[in-house]
2 protein chains.
Amino acid sequence: MATSVVTPFKHADHDHGHCVDDALAQAERQCRQRGVRLTPIRRRVLELIWNGHAPVKAYDLLDRLRAERRSAAPPTVYRALDFLLEEGLIHRIESLNAYIGCGSPAHPHVGQFLICEQCHAVAELDDNDVHRVLSAKAGELGFLVSSQTIEINGLCPLCRDPSPGTATGSASG
Amino acid sequence: MATSVVTPFKHADHDHGHCVDDALAQAERQCRQRGVRLTPIRRRVLELIWNGHAPVKAYDLLDRLRAERRSAAPPTVYRALDFLLEEGLIHRIESLNAYIGCGSPAHPHVGQFLICEQCHAVAELDDNDVHRVLSAKAGELGFLVSSQTIEINGLCPLCRDPSPGTATGSASG
DNA sequence: TTCCCTGTGCAACACTATAACATGCGAGTG
DNA sequence: CACTCGCATGTTATAGTGTTGCACAGGGAA
């Protein structure tokens, strides 16, 4: 089985501070290695995105940025997002016009996303079987694949079958 | 092989009038059967979308509608699009914010789209193997799939390997 | 007739993203 | 030190995408 889970669904009580710290540390390291600058704005936007495991919209980021930095404007956010996308630190969810942190920024890939319609949590896969099947089918029509947008909607394990005492309805932690 | 091609890539010299006529006739029939109304506006929007095998943007439709009907406004177009989407007569391409005619509206399905980055032609698949693989992978994480957005970018056969004398660079016919 | 339902007209607005040009600021160089 | 080059950010405006809310028109049913 070639299933590679980049970011699984998290339990409601997982230590989310850890997720954020890891993601930021990894980003710092990677940017240093590549000789690109993770400026305060870019770092803060990444941190805001990692506040939860749900996709975040650009103008929500802008609102939160503005609360801290009077000068924040749409370009402020979109430039930071462009940088983070470029460096593979976040992904864009096309069907939501929203952005989410990447759990495995070091190696370049396109994500395959499982999006919970109820709590909005997102898990990320990078699955070779999926790539293979799609490339094969495309190949049958003579089509040469260069990139893929794969976004699956449905119910995450917690919302599908909530255990007693388990919180649902939020992906904020 | 369970590959089902809903709409293949068309040769540049195919009889496109036929595509349009077929699509409209099928839409008329289907709407009559279901007891819903394919009004002149809705029919015209569908026809404009079927003008080519490339996705069309809402405001391009609006421009063309306005040339014929002074009163056309954004809601005019979006209401027609909502209706056509609802009836399965068109699909929305999330990664392009654009709409394309469905070649098989009779049976409900989500499409899998191959999008040519050069000529913008789009082919539509409805492939069970792809569904199966994705559902299986999702299932491994306890995720229950309800719908899928699958949009593959790359090069169509004609743009990938243009034969001498074969026109490329347009999906308008 | 009156009522109701659906479709359309119309104005305004909300949300998403980019363009264009100005300013700041730090690193490297002479 | 001054200089300048390149990148990041500030600022204003605008483009592109989609929705809300209410008014009106027409046809079928009571």
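Chain letters run A, B, ... following the sequence lines, proteins first and then strands; every chain starts at 1.
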### Query
If you walk 5' to 3' along DNA chain C, what is the first nucleotide with an atom under 4.0 Å of a heavy atom in chain B, and what is the last?
C/dG7 to C/dA11
## Note on the structure
From CG of A/Asn97 across to P of D/dG16 the rounded distance in Å is 16 Å
### Task
Using a 4.5 Å cut-off on heavy atoms from C-beta on, say whether the side chain of B/Leu134 contacts that of B/Ile150.
yes
### Query
Does B/Ile41 or A/Leu81 map to a spot on DNA chain C nearer the 5' end, using the closest nucleotide for each?
B/Ile41
### Task
May I ask you to say whether B/Glu87 pairs ionically with B/Arg42, meaning some side-chain N is under 4.0 Å from a carboxylate O?
no
### Task
Kindly indicate whether the side chain of B/Leu144, heavy atoms from C-beta on, has any atom under 4.5 Å from the side chain of B/Ser135.
no
### Message
Within the 4.0 Å heavy-atom criterion, would you say A/Tyr99 contacts the bases, only the backbone, or no part of the nucleic acid?
### Response
sugar-phosphate
### Query
At under 4.0 Å between heavy atoms, what does A/Arg42 touch on the DNA or RNA strands: base, sugar-phosphate, or nothing?
sugar-phosphate
### Task
Write down the distance between CG (A/Leu84) and P (D/dA8), rounded to a whole number of angstrom.
12 Å
### Query
How would you label the contact of B/Arg37 with the nucleic acid (heavy atoms, under 4.0 Å): base, sugar-phosphate, or nothing?
sugar-phosphate
### Summary
In whole angstroms, the gap separating C1' of D/dA8 from CD of A/Glu87 amounts to 14 Å
#### Entry: A/Glu86 CD to D/dA8 P, straight-line distance once rounded to whole Å
11 Å
### Task
Give a yes-or-no answer on whether the side chains of B/Glu94 and B/Thr149 include a donor-acceptor pair shorter than 3.5 Å.
no
#### Entry: Donor-acceptor pair present, A/Arg70 side chain and D/dG10 base, under 3.5 Å
no
### Query
What is the distance, rounded to the nearest whole Å, between atom CG of A/Leu38 and atom P of D/dC7?
17 Å
### Query
Ring centroid separation for A/His91 and A/Phe113, is it under 6.0 angstrom?
yes
### Query
Nearest to the side chain of B/Tyr78 - D/dC22, D/dG18, D/dG10?
D/dG18
### Task
Working to the nearest 0.5 Å, report the span between CG of A/Asp129 and OG of A/Ser4.
11.0 Å
### Query
Is the backbone N or O of B/His107 less than 3.5 Å from a side-chain atom of B/His109, with the two atoms forming a donor-acceptor pair by type?
yes
### Summary
By nearest-nucleotide position on DNA chain D, the 5'-leaning member of B/Pro75 and B/Lys57 is B/Lys57
### Query
Rounding to a whole Å, what distance do you find between B/Asp60:CG and D/dG16:P?
10 Å
### Query
How close or far is atom P of D/dG18 from atom OH of A/Tyr59, stated in whole angstroms?
15 Å
### Task
Check the distance between D/dG10's P and A/Leu62's CG and give it to me in whole angstrom.
12 Å
